[in-house]
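Numbers restart at 1 for each chain; the letters A, B, ... are given by sequence-line order, proteins then strands. Model, not experiment: these values are computed from the prediction.
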There are 2 protein chains.
Amino acid sequence: MSLSHAILGFLNYAPMTGYDLKKAFDTSVCHFWPADQAQIYRALRDLMRRGWATVEIVPQEDRPNRKVYHITDSGREELRRWLCTPTEPEDPRVPLLIKVFFAGQLADEEAVALLEAYEARLRARLEEYARIPQQAAQYAEAIQSPREVFFWALTLDYGVRLTRAAMEWTEEARRAIPNVRREK
Amino acid sequence: MSLSHAILGFLNYAPMTGYDLKKAFDTSVCHFWPADQAQIYRALRDLMRRGWATVEIVPQEDRPNRKVYHITDSGREELRRWLCTPTEPEDPRVPLLIKVFFAGQLADEEAVALLEAYEARLRARLEEYARIPQQAAQYAEAIQSPREVFFWALTLDYGVRLTRAAMEWTEEARRAIPNVRREK
DNA sequence: TGTTTATATTTGACTTGTCTTATATATGAC
DNA sequence: GTCATATATAAGACAAGTCAAATATAAACA
């Protein structure tokens, strides 16, 4: 499970609560690994069970107690082990392609509309990506580690490249559709 | 659910059994939408419940009876409706990027090895893709519809483009790593 | 004064997808 | 003669992810 290890990665920076972790995910890795809040809390229980994390309960009077999770030595070992283990590229699930696969049954304009709508969403995503570096700048300054910043930037670059490739595909596909003969 | 609709798409070509459908998936859309056998049979039950498909039981003496599923008129309507509905690009889950995100903690060589292994797998995938057109040629001849063939080819092209983009990323990333300063 | 947002955790239900096993039989390969 | 493969369906267990609700309180805003 990638989620538990992602959590270990964050806890290795600093002890955090489930709430903190949710925010950390939502402001950093959510573009390639979104995390549900319920999932995070469940994963934390799991990390405890495996001895990769411990809790420190910090009482608060006005709000629920904070349960601050700390990575353990064996957690750090596990994180390193996992980080060095080669990863298989996941086979991507692309719902749009199912529609494209059966799009022979649609009129040209319908198929083109499908691709145009998709392209518009990809463009929006690209614009989102473009806003990330500014948001991340504060983090980068706080952490003072150009090496960390470099790897963070790599993950963004991946998203940009793949999104651009998908857009180039939609553009060419759109242009090609009107040239397809209907019958042999 | 995309799976049910993909099944409707196939049933719209011809009536099929669950077994036939599994083969259809495995020889066509499995690169962007793999389907588990158990899932297919469950989805067929669901299609029946919704009135989008009907069964015809064809008795056989030597083997289990064939349950041949037919798309209904309302199933055809639903398929069309679904095909024309714009699709949101899924947010991709890329486990590798979690490792890259935390790769600042690794040595240069470890990070490079991670990317190299990934690139090798992507290369293998690209070679798989290269073999598909020959396999699909029989299908294409059987169906005699250049329009269908065109859309099928589009789905393959998507895979090729995205895989190439990912490979270009790994290449550049690998080359950039040795140039990162460790401390500020 | 009332509403929204932020802090903080837990639980339950549910959907998808994966993996495994069970059941039956025929054909072809070695 | 045996083993693998093809035909055909069903069901159970489980992991991962999603969604929503319950509980509690403070600060900020209109």
Side-chain angles (χ1 to χ4, degrees), chain A residues 1-7 10-11 15-27 29-50 53-69 82 87-88 90-95 98, chain B residues 1-7 10-11 15-27 29-50 53-69 88 90-95 98:
Chain A
M1 201 171 79
S2 300
L3 182 70
S4 301
H5 290 95
I7 292 176
F10 281 116
L11 293 185
M16 283 189 221
T17 67
Y19 192 82
D20 295 335
L21 280 163
K22 174 62 176 157
K23 279 191 294 182
F25 271 87
D26 287 350
T27 56
V29 299
C30 64
H31 294 100
F32 50 89
W33 208 269
D36 188 80
Q37 178 252 66
Q39 232 185 318
I40 289 173
Y41 282 102
R42 272 195 276 255
L44 283 169
R45 266 214 307 278
D46 189 63
L47 290 181
M48 298 270 294
R49 226 194 49 227
R50 289 170 193 266
T54 51
V55 211
E56 167 204 2
I57 290 160
V58 179
Q60 298 190 119
E61 275 171 12
D62 44 354
R63 292 174 214 156
N65 291 344
R66 289 164 61 86
K67 294 172 80 173
V68 181
Y69 292 86
W82 180 78
T87 314
E88 287 291 302
E90 67 301 348
D91 38 57
R93 279 174 183 271
V94 192
I98 310 185
Chain B
M1 200 172 76
S2 299
L3 182 70
S4 302
H5 290 94
I7 291 177
F10 282 115
L11 293 184
M16 282 188 220
T17 67
Y19 192 81
D20 296 334
L21 281 164
K22 174 63 177 158
K23 279 191 295 182
F25 271 88
D26 286 351
T27 57
V29 298
C30 64
H31 294 100
F32 49 88
W33 208 269
D36 187 80
Q37 178 251 70
Q39 233 185 319
I40 289 174
Y41 283 101
R42 271 195 280 254
L44 282 170
R45 267 212 308 277
D46 189 61
L47 291 181
M48 299 268 294
R49 226 192 50 225
R50 289 171 194 265
T54 52
V55 211
E56 167 204 3
I57 289 159
V58 179
Q60 298 190 119
E61 275 169 11
D62 44 354
R63 292 174 214 156
N65 291 343
R66 287 164 62 85
K67 294 173 79 173
V68 181
Y69 291 86
E88 287 290 302
E90 66 302 348
D91 39 56
R93 278 174 183 271
V94 192
I98 309 183

Gap separating the OH atom of B:Tyr41 from the OG1 atom of B:Thr17, nearest 0.5 angstrom: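 Interatomic distance, B:Tyr41 OH to B:Thr17 OG1, rounded to 0.5 Å: 5.5 Å.
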Taking OP1 and OP2 of [N], is either one under 4.0 Å from a side-chain nitrogen or oxygen of [X]?
X: B:Thr17; N: D:dT7; result: no
X: A:Tyr41; N: C:dT10; result: no
X: B:Lys22; N: D:dT9; result: no

Whole angstrom value for the distance that separates [atom2] of [N] from [atom1] of [X]:
X: B:Leu44; N: D:dA10; atom1: CG; atom2: C1'; answer: 12 Å
X: A:Asp46; N: D:dC14; atom1: CG; atom2: P; answer: 16 Å
X: A:Tyr69; N: C:dA8; atom1: OH; atom2: C1'; answer: 11 Å
X: A:Lys67; N: D:dT23; atom1: NZ; atom2: P; answer: 18 Å
X: A:Arg45; N: D:dA15; atom1: CZ; atom2: P; answer: 14 Å
X: A:Arg66; N: C:dA6; atom1: CZ; atom2: P; answer: 16 Å
X: A:Leu21; N: C:dT10; atom1: CG; atom2: P; answer: 13 Å

Under-4.0 Å salt bridge between B:Asp46 and B:Arg42: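 Looking at B:Asp46 and B:Arg42, the cut-off is not met.
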Nearest-nucleotide pick for A:Arg42, side chain only, options being C:dA8, C:dG17, D:dT18: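 The nucleotide sitting nearest to the side chain is D:dT18.
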Residue B:Gln39, side-chain atoms from C-beta onward, closest of D:dT18, C:dT16, D:dT7: C:dT16
Option among A:Trp33, A:Tyr19, A:Phe10, A:Phe32 that satisfies the ring pair (Phe, Tyr, Trp, His ring centres under 6.0 Å) test with A:Phe25: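 Passing option: A:Phe10.
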Touch class at under 4.0 angstrom, heavy-atom based, for A:Lys23 against every strand present: sugar-phosphate
Sugar-phosphate only, base, or nothing, as touched by A:Arg93 at under 4.0 Å among non-hydrogen atoms: sugar-phosphate
Close side-chain approach of B:His31 to A:Asp91, heavy-atom, < 4.5 Å: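 A side-chain contact is absent here, since even the closest heavy-atom pair is not under 4.5 Å.
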Candidate pair B:Ile40 and B:Ile7, rule side chain to side chain contact (heavy atoms under 4.5 Å, CB included), full reasoning: CA-CA 8 Å; B:Ile40 289 174; B:Ile7 291 177; 4.2 Å; yes
Sorted by number, the residues of residues 30-37 of chain A with heavy-atom contact under 4.0 Å to DNA chain D: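 Residues of residues 30-37 of chain A under 4.0 Å from DNA chain D: A:Trp33, A:Asp36.
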